[in-house]
Amino acid sequence: MNYDHKFIEKKWQERESFEVEEDSTKPKFYCLDMFPYPSGVGLHVGHPRGYIASDIVSRYKRMQGFNVLHPMGWDTFGLPAENYAIKTGVHPKITVAENVAKFKAQLKQLGLSYNWSREINTTDPNYYKWTQWIFLRMFEQGLAYEQVLPINWCPSCKTGLANEEVVAGKCERCGANVTKKNIRQWVLKITKYADRLLEDLDLLDWPEKIKEMQRNWIGKSYGADVLFKLNNGKEVKVFTTRPDTLFGVTLLILSPEHPLVESVLSELDNKQDVINYLEETKNKSDIERMEEKTGVPLSGLFAINPVNGKQIPVWIANYILSSYGYGAIMSVPAHDQRDYEFAKKYDLEIIEVVSGGELPYTGEGNLVNSGSFNGIKSSEAKDKIIKEFDSVTKSINYKLRDWVFSRQRYWGEPIPLIHCEKCGIVPEENIPLELPEVENYQPTGTGESPLAAIKEWVNVKCPKCGGDAKRETNTMPQWAGSCWYYLRFIDPDNDNALVDPQKEKYFQPVDLYIGGSEHAVLHLLYARFWHKFLYDIGVVSTKEPFLKLKNQGLIMAYDGQKMSKSKGNTVSPDEMIEKYGADSLRLYEMFLGPFEESVAWNDNGLIGTRRFLEKVWSINLVEGNIEDRLLHQTIKKVTKDIEEFKFNTAISSMMILINEWVKTGTSRENFDLFLKLLYPFAPHISQELMKDSDLSWPQFSEFLVEDDVTTIAIQVNGKFRDSVQLAKGLNQQEVENIVLEREKVKKWVSGSIKKVVFIPDKLINILV
RNA sequence: GCCCGGGUGGUGGAAUGGUAUACACGAAGGACUUAAAAUCCUUUGCCUUAUCGGCUUGUGGGUUCGAAUCCCACCUCGGGCACCA
């Protein structure tokens with residue numbers, strides 16, 4: 001009988017279902033994939049790599065007796081469906097439903113063992129009711145606030161963006177150059193959690209790389225605030241990490257957006273120059289602004305250095321960020337690369353205060369030109385200077401910015417707030433506040449979303465005073481729904497609570513989370529923030545949502561490029577499944593290379609795993625239950641490899657076993673043990689061939705794993721010359737006697753033996 | 001510029017101080033076949049006609065009885081951050 005993968009895979013996919021018991025007497029294992037945004041083009045072979053790995057672990061854990069929660073859902077708010085609606089007029093709801101159906105069918109074909117009864121969808125009002133609920137709780141606690149400030153603005157998507165969504169000055173979604181726009185927006189106070197988000201990284205079993213990226217993103221710096229008095233009586237505060245260089249300050253520089261600039265304009269000798277400069281910088285995108293350092297003095301204004309009373313000029317410059325620190329700096333050209341460039345360009349004073357090297361020197365050294373601090377090490381001078389001067393105080397700064405949370409687009413969760421002239425901002429507690437139908441999806445570009453055009457939705461009565469009021473028309477960003485979805489899988493149909501506390505205690509945290517590393521500072525940081533907030537208000541019982549994280553490497557196209565529809569280099573899993581079967585595809589994706597590294601796809605590789613399964617299919621069964629050392633060594637190896645995410649070597653060790661059995665045949669009992677090893681990787685064929693109905697993970701025999709003979713490598717002067725099979729446990733003298741009698745060894749050993757290095761059961765090295 | 005991670009046959013890769021190139025693909029030769037496909041067998045790092053042997057894990061140095069593996073310098077590829085004071 002031939003191996004008919006189509007028949008077998010259909011049969012077992014119809015037969016198997018994987019619902020998880022809510023039995024708290026059994027140990028649980030929560031194994032989660034980052035849920036996808038279902039795009040219109042469907043999956044390519046790169047997508048399922050992570051899903052296959054999580055499926056292997058889920059099946060393996062079930063076999064070990066765990067109650068495995070392994071759900072799947074859909075992250076369906078966002079721009080692609082909305083842009084498609086703008087182009088075609090088809091409602092995003094319809095597009096999303098089609099795409100979800102397509103993705104689901106593709107995942108099912110792969111034989112992935114999801115708990116489908118727990119499926120969720122972020123655009124379902126029963127789901128986003130709770131996204132809105134969390135927002136309202138944040139609003140109550142003052143963590144969601146309204147502000148009008150220049151923020152990152154994508155002129156192509158016509159919406160504001162969070163810092164995390166700007167990549168190298170470009171919009172993360174569409175690649176357009178990001179500009180600044182002054183609009184009203186809702187902001188979440190993620191900075192309140194900066195320290196906890198930083199410190200709790202230590203609790204996590206995550207790739208060091210991702211943790212480091214989050215640390216850098218949070219960007220905690222220790223230093224000092226310094227208060228400079230101006231000659232007009234006003235004050236400017238700056239942040240510095242180098243209070244030890246205070247005697248070298250030759251300039252005070254403000255960002256063009258600094259509030260002081262506006263207020264001193266009339267006092268300046270060069271008012272028109274400054275106005276021209278402000279106008280010029282305002283019209284530039286971030287990228288243009290970063291091209292060259294420029295600045296202009298505020299003539300007539302000077303500041304007094306608090307450590308030595310020295311008068312220094314005040315400038316504005318384009319390289320000073322308004323969003324970091326206080327939007328102003330003390331400039332020390334001798335010990336800062338940027339300040340040095342700037343001072344050279346405008347021929348400004350440079351004073352060396354730390355000795356140690358060519359300027360600009362940014363390292364440690366002894367202080368010079370620093371009055372009574374001369375000769376002190378710069379590392380010690382920091383604290384001494386802070387202690388000495390009242391206007392210099394210890395301070396900490398973060399790169400992390402609060403999260404700009406409103407989008408001027410249609411396809412997102414409505415922000416459940418009402419603006420009342422009398423009562424101010426009033427929460428809409430009648431949730432879900434559903435997204436209304438709209439005729440025109442086109443973003444307005446005015447700072448309002450298309451929802452603003454729907455008068456009957458916008459105009460409401462104030463829930464507090466009953467007077468005329470208007471709804472907030474901004475929507476939530478892409479990332480809102482994915483901030484807490486892992487909690488909803490625990491209790492997807494609960495209408496009274498986000499999640500039942502008992503169930504939450506049982507299933508949380510996620511034990512294993514698998515997904516791409518592109519979410520390192522987006523989803524993974526936002527979700528940790530929301531989780532910590534939910535912990536604070538008693539909704540969840542753990543400090544962190546995801547205990548262990550694994551990032552799958554990308555699967556590159558045959559040409560070494562990233563797979564994408566536009567490059568036309570994608571490979572469809574459907575085609576591969578049709579031709580070789582889901583089991584072969586699953587094996588191949590895991591066999592390709594180390595899970596966390598990116599690898600190039602090659603259709604031909606599938607032939608190898610298909611041949612392997614055909615060999616498995618036609619193994620000769622022989623009488624008697626032979627004690628099979630290789631089988632038990634394979635059980636040990638596969639078990640260890642799954643635990644360590646080394647799926648490629650697990651499969652290669654199974655191949656070695658099967659290559660042996662092709663020659664020798666094996667017993668029914670031994671074959672069933674092997675099929676259980678294969679089951680997590682290739683579930684359909686394994687079940688088809690298995691006779692044993694007990695699907696538990698096989699144990700290896702310690703006795704059978706150990707060989708009683710060993711191969712000893714023989715080196716002469718460190719060079720490998722020969723090897724010999726010997727019984728285990730021989731001592732050096734015994735091995736030496738045997739080895740020195742061998743012809744090959746005699747040939748190389750001439751003259752007296754100086755030294756012998758002996759590693760029991762492994763190696764002998766004779767030095768002559 | 002700074003911070004991570006890599007560089008091993010024709011290809012994907014294995015080996016994290018002890019026989020480098022497991023496993024797989026591809027290629028070459030052979031068997032079966034009227035023929036082809038499939039399957040099976042053999043060979044397959046490089047140099048040397050072959051043997052004997054020598055060389056080989058990006059490059060150069062070092063530590064060690066012994067280095068792909070540890071240390072130093074450099075080259076190179078990939079990812080992240082990027083005026084964060």
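Numbered from 1 within each chain, the chains take letters A, B, ... in sequence-line order.
Among B:G26, B:A22, B:U19, the nucleotide with an atom closest to any side-chain atom of A:Ile607 is B:G26. The side chain of A:Arg721 has B:G54 as its nearest neighbour among B:A82, B:C23, B:G54. Comparing B:C65, B:A85, B:G13 against the side chain of A:Phe239 picks out B:A85 as the nearest. In the set B:C83, B:A14, B:C23, the nucleotide with an atom closest to the side chain of A:Asn648 is B:A14. When each of B:A22, B:G18, B:A85 is scored by its nearest atom to the side-chain atoms of A:Leu763, the top-ranked nucleotide is B:G18. Checking B:A22, B:U19, B:C65 against the side-chain heavy atoms of A:Ser652 singles out B:A22 as nearest. Listed nucleotides: B:A14, B:A22, B:C40. Nearest to the side chain of A:Pro594: B:A14. Closest to the side chain of A:Gln715, from the set B:G18, B:A20, B:G13, is B:G18.
Put simply, A:Ser221 has a side-chain N or O that comes within less than 4.0 Å of OP1 or OP2 on B:A85. Residue A:Arg611 places none of its side-chain N or O atoms closer than 4.0 Å to OP1 or OP2 of B:C40. Phosphate proximity of B:U11 to A:Asn604: absent, as no side-chain N or O sits under 4.0 Å from OP1 or OP2.
Residue-level contact check: A:Leu767 touches the backbone only, with heavy atoms under 4.0 Å from sugar-phosphate atoms and none from bases. Using a 4.0 Å heavy-atom distance criterion, A:Met213 is classed as a sugar-phosphate-only contact. Nucleic acid contact class of A:Ile714 (heavy atoms, under 4.0 Å, all strands): none.
In this structure, B:A35 forms no base pair with any nucleotide, since neither Watson-Crick nor G-U wobble geometry is met with both distances under 3.5 Å. Pair assignment for B:C81: B:G1, on the basis of Watson-Crick or G-U wobble contacts that are both within less than 3.5 Å. Searching all strands for a Watson-Crick or G-U wobble partner of B:G7 with both distances below 3.5 Å returns B:C75. Summarising the base pairing, B:G26 is matched to B:U44 through a Watson-Crick or G-U wobble pair whose two defining distances lie under 3.5 Å. Shown here, B:G17 forms no base pair; nothing in the strands shown gives a Watson-Crick or G-U wobble contact with both key distances under 3.5 Å.
Each of A:Lys719 and A:Gly593 was matched to the nucleotide of RNA chain B holding its nearest heavy atom; the match closer to the 5' end belongs to A:Gly593. For A:Val662 and A:Ile759, each mapped to the nucleotide of RNA chain B holding its nearest heavy atom, the one lying further toward the 5' end belongs to A:Ile759.
Residue A:Lys640 contributes atom NZ, which lies 9 Å from atom P of B:U16 at whole-angstrom precision. One atom, CG of A:Asn216, and another, P of B:G5, lie 13 Å apart when rounded to the nearest Å. Here B:C81 presents its P atom at 12 Å from CD of A:Glu518, a figure rounded to the nearest Å. If you measure from atom CD of A:Glu341 to atom P of B:G1, you get 13 Å, rounded to the nearest angstrom. Rounded to a whole Å, the CE atom of A:Met655 is 13 Å from the C1' atom of B:A14. Between A:Lys637 atom NZ and B:A14 atom C1' the separation is 9 Å, expressed in whole Å. We find that CZ of A:Phe591 is positioned 8 Å from P of B:C25, with the value rounded to whole Å. Between A:Ile651 atom CD1 and B:G13 atom P there is a gap of 14 Å when expressed in whole angstrom units.
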Go through A:Asp339 and A:Lys293 one step at a time and tell me if the salt bridge (charged side-chain N to carboxylate O under 4.0 Å, His left out) criterion holds. CA-CA 10 Å; A:Asp339 293 347; A:Lys293 290 182 183 53; over 6 Å; no
Assess whether salt bridge (charged side-chain N to carboxylate O under 4.0 Å, His left out) is satisfied between A:Glu706 and A:Lys728, documenting all intermediate values. CA-CA 10 Å; A:Glu706 290 298 322; A:Lys728 273 193 173 171; 3.3 Å; yes
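Contact annotation: the side chain of A:Arg49 approaches that of A:Phe595 to within less than 4.5 Å [non-hydrogen atoms, C-beta and beyond]. Contact annotation: the side chain of A:Pro256 never approaches that of A:Val261 to less than 4.5 Å [non-hydrogen atoms, C-beta and beyond].
Base orientation of B:G9: syn (glycosidic angle within 90° of 0).
Side-chain to base pairing of A:Lys755 with B:C65: no donor and acceptor N or O lie closer than 3.5 Å to each other.
Salt bridge A:Lys562/A:Glu518: absent, no basic N to carboxylate O contact under 4.0 Å. Look at A:Lys209 and A:Glu596 and you find no salt bridge, because none of the NZ, NE, NH1 or NH2 atoms lies under 4.0 Å from a carboxylate O.
Note: A:His335 and A:Tyr361 have perpendicular aromatic rings, judged against thresholds of 30 and 60 degrees for the angle between ring planes.
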